[in-house]
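Remarks on the structure that follows.
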Amino acid sequence: MSSVLTLDDVHVRYGGAHVLQGVSFEVPDTGVTALLGRNGVGKTTTLKAVLGLAPRTGGIRLRDRDITGEPVHRVVAGGIGYVPEDREVFGGLTVEENLRLVGRTSGVDAPIVEELFPDLVGRRSQRAGTLSGGQQQMVALARVLLRDNDLLLVDEPTKGLAPKLVTEVADVLARVARTTPVLLVEQNLALVRRIADTVVVLDAGKVVHRGEARALVEDPALTTELLGVSMRREEVA
């Protein structure tokens with residue numbers, strides 16, 4: 001299987017902290033790759049290193065292009081979409097205005113928004129800051145999907161969401177991944193089992209496991225060893 005993204009011996013240092021210590025893995029050009037690990041092991045830093053938001057060394061390639069030294073705006077323009085953990089919607093702007101930041105022809109009437117986020121159509125004039133956390137997450141996802149992307153980086157999209165909204169976000173990501181590969185940082189193992197194809201596990205800034213998502217999630221001993229948690233039996237069923 002070919003790869004859309006390749007990280008080769010990537011290091012990130014902040015002052016005296018060596019956050020990423022030779023991270024190497026590939027993201028297949030189809031489906032969802034979940035980036036897992038305990039808190040503070042470097043998952044978000046890995047996404048930021050890809051984007052150029054963190055000072056990185058090593059090699060990062062988007063398909064056949066070396067993007068290691070490129071600034072953020074060129075990385076994004078080159079085909080990488082990013083949905084950050086804190087969503088970063090503009091609370092004082094309406095839903096419509098948030099989406100039109102992508103381009104004048106964008107907005108809630110765009111076909112992909114009407115198809116994947118119908119709830120936003122009726123909220124076009126509502127200020128984003130008054131939306132629920134789940135609705136803001138939908139705005140953040142819709143905004144990035146209005147662009148043509150070779151790869152999506154999505155950081156903990158279900159954090160703090162109610163179970164119903166977790167399901168809705170999972171449905172959207174699963175549908176998006178049919179046409180655009182996704183590198184997903186996520187703590188919800190039930191969601192990982194449902195939509196992820198492969199997993200990469202970090203610990204202390206290093207890759208400690210790569211493999212099939214289902215094989216990891218359905219192995220309680222392995223998930224406890226690598227992540228400190230395991231799914232309950234009824235979640236795996």
Side-chain angles (χ1 to χ4, degrees), residues 1-12 19-20 23-37 42-90 98-103 105-106 110 112-113 116-117 137-159 169 172-186 192 195-200 202 207 210:
M1 183 179 297
S2 58
S3 301
V4 63
L5 181 72
T6 302
L7 282 73
D8 182 17
D9 193 31
V10 174
H11 294 255
V12 170
V19 182
L20 297 187
V23 168
S24 299
F25 66 87
E26 296 181 355
V27 176
D29 62 3
T30 59
V32 175
T33 299
L35 185 61
L36 308 179
K43 303 184 299 296
T44 294
T45 299
T46 300
L47 300 190
K48 289 184 175 181
V50 172
L51 287 162
L53 291 170
R56 73 277 205 215
T57 60
I60 303 175
R61 300 188 68 83
L62 179 65
R63 299 198 187 278
D64 295 326
R65 191 171 100 247
D66 186 348
I67 63 172
T68 313
E70 291 188 358
V72 179
H73 69 276
R74 287 193 59 188
V75 173
V76 172
I80 295 183
Y82 178 47
V83 182
E85 179 182 355
D86 55 3
R87 300 165 189 138
E88 295 186 2
V89 301
F90 292 91
N98 267 272
L99 298 186
R100 286 195 178 275
L101 289 173
V102 179
T105 60
S106 304
I112 194 168
V113 178
L116 297 181
F117 310 98
Q137 186 64 73
M138 295 302 183
V139 173
L141 285 167
R143 188 172 57 195
V144 77
L145 291 176
L146 286 169
R147 298 179 57 254
D148 291 329
N149 301 290
D150 289 324
L151 172 68
L152 290 182
L153 309 180
V154 184
D155 195 355
E156 297 208 37
T158 67
K159 184 177 180 180
V169 170
V172 169
L173 290 174
R175 293 176 68 180
V176 169
R178 295 173 190 169
T179 56
T180 305
V182 177
L183 178 58
L184 171 70
V185 172
E186 183 55 66
V192 170
I195 70 171
D197 304 285
T198 58
V199 293
V200 177
L202 297 183
V207 175
R210 289 184 288 260

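- Residues L20 and R56 have side chains not in contact (no heavy-atom distance under 4.5 Å, counting atoms from C-beta outward).
- With a 6.0 Å radius and a threshold of 12 heavy atoms from other residues, nucleotides or ligands, R65 has its CZ atom above the threshold.
- Looking at heavy atoms from C-beta onward, D197 lies out of side-chain contact with P28 at the 4.5 angstrom threshold.
- A heavy-atom distance below 4.5 Å is not found between the side chains of L173 and V32.
- A side chain to side chain donor-acceptor pair (under 3.5 Å) with K159 is found for one member of Q137, E186, E85 and no other, namely E85.
- Note: L47 CG to L152 CG = 11.5 Å, rounded to the nearest 0.5 Å.
- Across V192 and A34, no two heavy atoms sit closer than the pair CG1-CB, 4.0 Å.
- The structure places CG of D8 at 10.0 Å from CZ of R61, a figure rounded to the nearest 0.5 Å.
- Distance check, rounded to the nearest 0.5 Å: OG1 of T180 to CG of D150 gives 8.0 Å.
- Within the 4.5 Å cutoff, no side-chain heavy atoms of V23 are placed close to those of V12.
- Summarising the geometry, atom CD1 belonging to I80 is positioned 4.0 Å from atom CD1 belonging to I67; distances are rounded to the nearest 0.5 Å.
- Counting heavy atoms from C-beta outward, V83 and P157 have side chains that stay 4.5 Å or more apart.
- Between G58 and T68, the shortest heavy-atom distance links the atoms O-CG2, 3.3 Å.
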Before you tell me yes or no, could you show the steps for V4 and R63 under side-chain contact (heavy atoms from CB on, under 4.5 Å), namely the whole-Å CA-CA distance, both residues' side-chain angles and the distance that decides it to 0.1 Å?
CA-CA 5 Å; V4 63; R63 299 198 187 278; 3.8 Å; yes
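- Of all heavy-atom pairs spanning A49 and A54, the tightest one is N-CB, 4.0 Å.
- Between V50 and Y82 the shortest side-chain heavy-atom distance does not fall below 4.5 Å.
- When every heavy atom of N98 is checked against every heavy atom of F90, the shortest pair comes out as OD1-N, 2.9 Å.
- Of the possible polar contacts, none joining the D86 side chain to the P84 backbone as a donor-acceptor pair under 3.5 Å is found.
- Closest approach of L183 and L151 over heavy atoms only: N-CD1, 4.1 Å.
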Go through the steps to decide whether R143 and L99 satisfy the test side-chain contact (heavy atoms from CB on, under 4.5 Å), and finish with yes or no.
CA-CA 5 Å; R143 188 172 57 195; L99 298 186; 4.0 Å; yes
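- A 4.5 Å side-chain heavy-atom check between S24 and V207 finds every atom pair outside the cut-off.
- The OG1 atom of T46 sits 5.0 Å away from the CG atom of L202 when rounded to the nearest 0.5 Å.
- Residues E26 and L5 have side chains not in contact (no heavy-atom distance under 4.5 Å, counting atoms from C-beta outward).
- From I112, atom CD1 reaches atom CG of L146 across 7.0 Å, with rounding to the nearest 0.5 Å.
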Would you please test E70 and I60 for side-chain contact (heavy atoms from CB on, under 4.5 Å) and show each step?
CA-CA 10 Å; E70 291 188 358; I60 303 175; over 6 Å; no
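- Nearest approach of V102 to R147, heavy atoms of both residues: CG1-CG, 3.5 Å.
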